[in-house]
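Computed from a predicted model, the values in this text were never measured in an experiment.
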Amino acid sequence: MKKFISVALVLVFVLSLFAGCGSKTPASTQPATSAAPQGGTGTIKIGVLGCTSGDYAQYGNAVIHGAQLYIDKVNAAGGINGKKIEYIIYDDKGDPTEAVNAYNRLVGNGITALLGSVLSGATAAVVGEANPTNMPMITASATDAGVTYNADKKLVYKNVFRTCYIDPFQGQKMADYASQKLNAKTAAIIFETGNDYAVGLKNAFIAKAKANGITVVAETAYSKGDKDFKSQLTNIKAKNPDVIFCPNYYEDDGMIVTQARQLGIKSVFMGGDGWANVYKYASAADLEGSIFCSSYAPGSTDEIKKFEADFKAKYPNETPNMFSAQGYDAAIVLLDAIKAAESKNLKVGSAEYKQAIIDGMKNTTSVGLGGKYKFDEYNNPIKNAVIIKLQGGAEKFSEVF
Amino acid sequence: MVKNKKGIPRLLAYAINALLFFVFLGILNSLIASGIFSSYYVKILMLIAINIILAVSLNLATGFLGQLPLGHAGFMAVGAYASAIFMKATPLPNFVAFPIGLILGGLVAAVFGFIIGIPALRLRGDYLAIITLGFGEIIRVVLLNIDSVLGFNFTYGASSLKNIPKTTTVTNAFICVSIVLIIIHTTIKSKHGRAVLSIRENEIAAESCGVNTTYYKTMAFVMSAFFAGMAGSLYAGYVGILNPSGFAFMKSIEILVMVVLGGMGSMIGSVISATALTVLPELLRSFSEYRMVAYSLLLIIVMIFKPSGLMGTYDFSLSRIIGKCGDKISSHLRKGKEGRR
């Protein structure tokens, strides 16, 4: 019996070696059929890539659900030019290797454009694949500057767009806000070393703060997974800064604020959009007066209120947040560009069609939840930061800065 | 001409192997050129090649030398970064730079293997596992933070080393795999290989027979690190972006799983399990959220029913098989002749 099972297992493994070759036939014939000339009907295939499992799954799910909400809405209204949008979602676990494989699989499925990926590292890896073939691509949440711009060759990736800020932008905005609105003279920083998001914001903040005449009195780091920040905070307390810039993800931010207040630190805490949902991780009294920048102001306009209601109707167990809003906006910009490409009467999936989508995104006039979209020369959106203030344990929209 | 005890004349075996190598290479290339293999399959093939090199090189230290190093991802990281930084900086054309980068990646990893191997190999079992585990983590943390120590951008730490030239192709990955397999196979079958195996079987007995255990342990360990570095360079040219978090502890475990699953001390086992464990998660992609469960279940089942790994210590030898077939045919013919008489 044992021997039989082990032989069977070996067979399974050996077969799986050939299965790769076996299953290729349907996959490779798919693009051929979709490339066949189509009339007014048919589908437009787009790929959606993001981490729906793993450590950052809640970002990935939020982005993808936001995008799905809009695409389904367009499909329900008859699609674009009579063609339905068919989207294929693959999970990349936030890992560059998985992202590259999943992207190539999507290409094999015959996609015309890509919405994704979610994390910066995975997205940058996909850009390396998508740029040579000029695949239209829009990401809702990859904030690393290198996603759209090759700093080594001083080259902009013409096919890649995004609907979120880049890391330096948030750091600069918060430094400006600290000097202009809070009249801060000294600042301390506590950040997670080894996290590209935190380090990106920190570097931009320091550069801008120095230019604004703010003295950075302490720059302390902690490692991923740390739960005790007392030694760093004691160091900061001795310097007594006006503001503490804390550009990390919400869970750590909550613990840092709580422990800082325990030590008797009175400084104002500032953060980036990673602070969203921080209210679940620290008490209202401790958080009172903390400020962070975001691109999403909950409940501030009628469009956003409608989006929130629709989102809750479709995903009752989730709360719409900045990521879902940006995913929704990315879908708007992409689908508007596809609409523009459709009007040129090109064959779906052809090189000209893809170029038309890219041109459509470049000259976009779409209006999303974050206002009217316009891209700068690095394909980053030009928009203002939304300042959110924590009051009474809630994240309240304060102003557009 | 020397004749093997079992099997066929050595020269003939070499000729058959060389012929098979070129036939496979030709088939692969024509499949890709004709477009039957889409870019997706090409990417998976490259990943398979990288994982085979990783698994077989770790097998050298685990299966043949009998040690348990847990820092293989560290060597891979060192090799990947060394070759990526070289490839980005070099003005040489890619076809010249690629082999240099490959060997450079391997050499840097080998140097690290040597430095870590000398103190680490004085220890045994769990202690070696712990020290190599620590080393792997040190590499990762150094890669993450070295920029702020140096004061200029070198590894780009957390923001990832980007825009690495994508030089890895199926052809050069296939050639690398073949070279690695040949080198490890011939080493193991040589006098040095027998010394390494004797250490695995009984270190004290080996030492008392005059085997220089420290030398052979270090040799096998450094070789293992060299090939891991080579795999790292291939990986850098495959993915185009490197982040230290990709070379964490779990990556070492993944490689170890491939080795243990395939059978410690079996090269064909490592090749099969590296291939299967690369392909399986992709095959199971349509099951989406269940795929990691299915994958883990498979591992558990294999370990319950075949604890020595799929192949145990069995190794595949074409010449042995041909030789056996030849013997059978000739004995059959002889019987036939006798019968007619």
At their closest point, which heavy atom of A:F245 faces which heavy atom of A:G171, and how far apart are they? CZ-CA, 4.3 Å

What are the two closest non-hydrogen atoms of B:G265 and B:N59, and how far apart are they? N-OD1, 2.9 Å

NZ (B:K166) with more than 12 external heavy atoms under 6.0 Å: yes

Sort out for me which of B:I241, B:N163, B:N243, B:I44 touches chain A most, counting heavy-atom pairs under 4.5 Å. B:N163

For B:A80, side chain to side chain contact (heavy atoms under 4.5 Å, CB included) partners two or more places apart: B:A236, B:L242, B:F247

Of all residues at least two apart in sequence or in a different chain, which pass the side chain to side chain contact (heavy atoms under 4.5 Å, CB included) check with B:T169? B:T171, B:N172

Which region of A:N195, side chain (C-beta onward) or backbone (N, CA, C, O), has a non-hydrogen atom less than 4.5 Å from a non-hydrogen atom of chain B, or is it both or neither? backbone

Tell me, for B:K162 versus chain A, whether the close heavy atoms (under 4.5 Å) come from the side chain, the backbone, both or neither. both

Given heavy-atom pairs under 4.5 angstrom as the criterion, report whether the side chain, backbone, both or neither of B:L143 touches chain A. neither

Who wins among A:S120, A:A102, A:G200, A:A221 for the most heavy-atom pairs under 4.5 Å with chain B? A:A102

One option among A:V199, A:T97, A:I89 has the most heavy-atom pairs under 4.5 Å with chain B, and it is A:T97

